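Please read the structure below before turning to the comments.
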Amino acid sequence: MIEVNNLHKSFGSLKVLKGITEKVEESEVVCVIGPSGSGKSTFLRCLNLLETPTSGDIWIEGKKVTDPKVDINKIREEVGMVFQRFNLFPHMTALKNVAIAPMKVRGLPEKEAYDRAHDLLKKVGLEDKANVYPSSLSGGQQQRVAIARALAMRPKVMLFDEPTSALDPEMVGEVLNVMKDLAKEGMTMIVVTHEMGFAREVGDRVLFMDDGIIVEKGTPEEIFHNARNERTKSFLSKIL
Amino acid sequence: MSLLASYLEHAINVFPSLLRGAVITIEVTTFAIFFGLILGTIAAFGKLSKRSVFKIPSTMYVDFIRGTPLFVQILLFYYGIPGLIIGITGDPFRIDPIIAGIAVCSINSGAYNAEIVRAGIKSVDRGQMEAARSLGMTEGQAMREVIMPQAVRLIIPPLGNEFIALLKDSSLLAVISVHELSKNGMLYVSKTFAAFPTYISVALVYFALTMGISRVLNYIERRLGVSDRSE
């Protein structure tokens, strides 16, 4: 499904990713954990080329993302992304936020796009907020709309970049629940998160990143209870 | 008493001529706003472009126009450039003052608009572009659907100020004898020496015009502001 081979990324002289190699299978939920500045978000953002890798290769669904000739917009259509700060379009209603990409990118007729958007808002429990602008929604609600917006493109993979980090604690649950449902439906997901409970419960595998590399990976059980690496242990001891 | 009466008489006498001048002023300003917006938008995107073929000329245009007085630009365009063309070709060459006036004002206003448009686009949160692109939108689609609608709300108020400045600055076109509002006032004064009643009338007509523009802009701002209480 996703294959990453020796991925490097530098910002100027700052090396953020120092050789990431990883495979993600279909329907797998992979949680990426690690201290801030470890390169987790950069890794995620490289996957749909929001950041251009310095070197290394990425394949998604057999298509080489890092090929300079590749139509990146086509690949992004298949890869949904959810951001820490939601990034909803403030000048559109919740419904239009969800409907806009299928209409403009996939050329879906308006009626169909809005029907699909309605269904997705229902799925994230916000059907009654369809005609509300993002500014009148709570953080948790905005993030659920953002998830619906990404799902509207019917992506094959969903990337989550710390989806609950900007939320008030009481709103974290509602967003995680939507993500759990998604995982149950078999969506392939890569989730950068600080929610260890989620990683443990929903994640098929956990990657621990530090200083631009994957230090340790394994099942949640292995990482959370039998971490072998000292850096993993010390990170987990600080947050658990 | 007789002074006031004579002032009033002058104000009434000059008024038809001022109205004719006001029509020219409005005409020049309207065209200059229109072309200035087009120029400004092009230059703004040029300055935002990563490619130096677009970036360098746009930057030079904006810097040169903003770094020189409009008065000098008018003289250069109306007298200097035809002079240069005559010098090269040897044939007589003249530009219609109104056309020249519209051209200079458009070019001048375009440079200021470029900065306003650029700043407006820049101040839309970066995450908006990322979100749009991550959904598979092209850069053009993201601009049209996501960035510009938000930028426009930020751009309109300073653009309005720019239009008002443009209307007032068009009075400088008197120097190339465009028969706009100020020029017609000056002509009347040169015949009658009634400077005070004439120029106060001129000033009041400008004031009425600028107030008119502000009203229209306020209305547009309110209309655009409805849905936007972002974040």
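So that the names make sense, note that chain A is the first sequence line, chain B the second, and so on, each numbered from 1. Because the structure is a prediction, the values reported are computed rather than measured.
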Quick check on F89(A) against chain B: is it the side chain, the backbone, both or neither that has a heavy atom closer than 4.5 Å? both
Between R144(B) and chain A, with a heavy-atom cut-off of 4.5 Å, which part of the residue counts as in contact: side chain, backbone, both or neither? neither
When you measure from the centre of the six-membered ring of F11(A), is the NZ or CZ of K9(A) under 6.0 Å away and within 45° of the axis? yes
Carboxylate-amine/guanidinium proximity below 4.0 Å for R154(A) and E77(A): no
Using 4.0 Å as the upper bound for N to carboxylate O, is an ion pair formed by R116(A) and E112(A)? no
Part of R106(A) within contact of chain B (heavy atom distance under 4.5 Å): neither
Under 4.5 Å, counting heavy-atom pairs only, tell me which of I100(A), L137(A), N73(A) racks up the most with chain B. N73(A)
Determine, for E130(B) against R45(A), whether the closest basic-nitrogen to carboxylate-oxygen distance falls under 4.0 angstrom. yes
Counting heavy-atom pairs under 4.5 angstrom with chain A, the leader among Q141(B), M137(B), R133(B) is R133(B)
Check this for me, if you would: do E185(A) and K123(A) make a salt bridge, where the nitrogen-to-carboxylate-oxygen distance has to be below 4.0 angstrom? yes
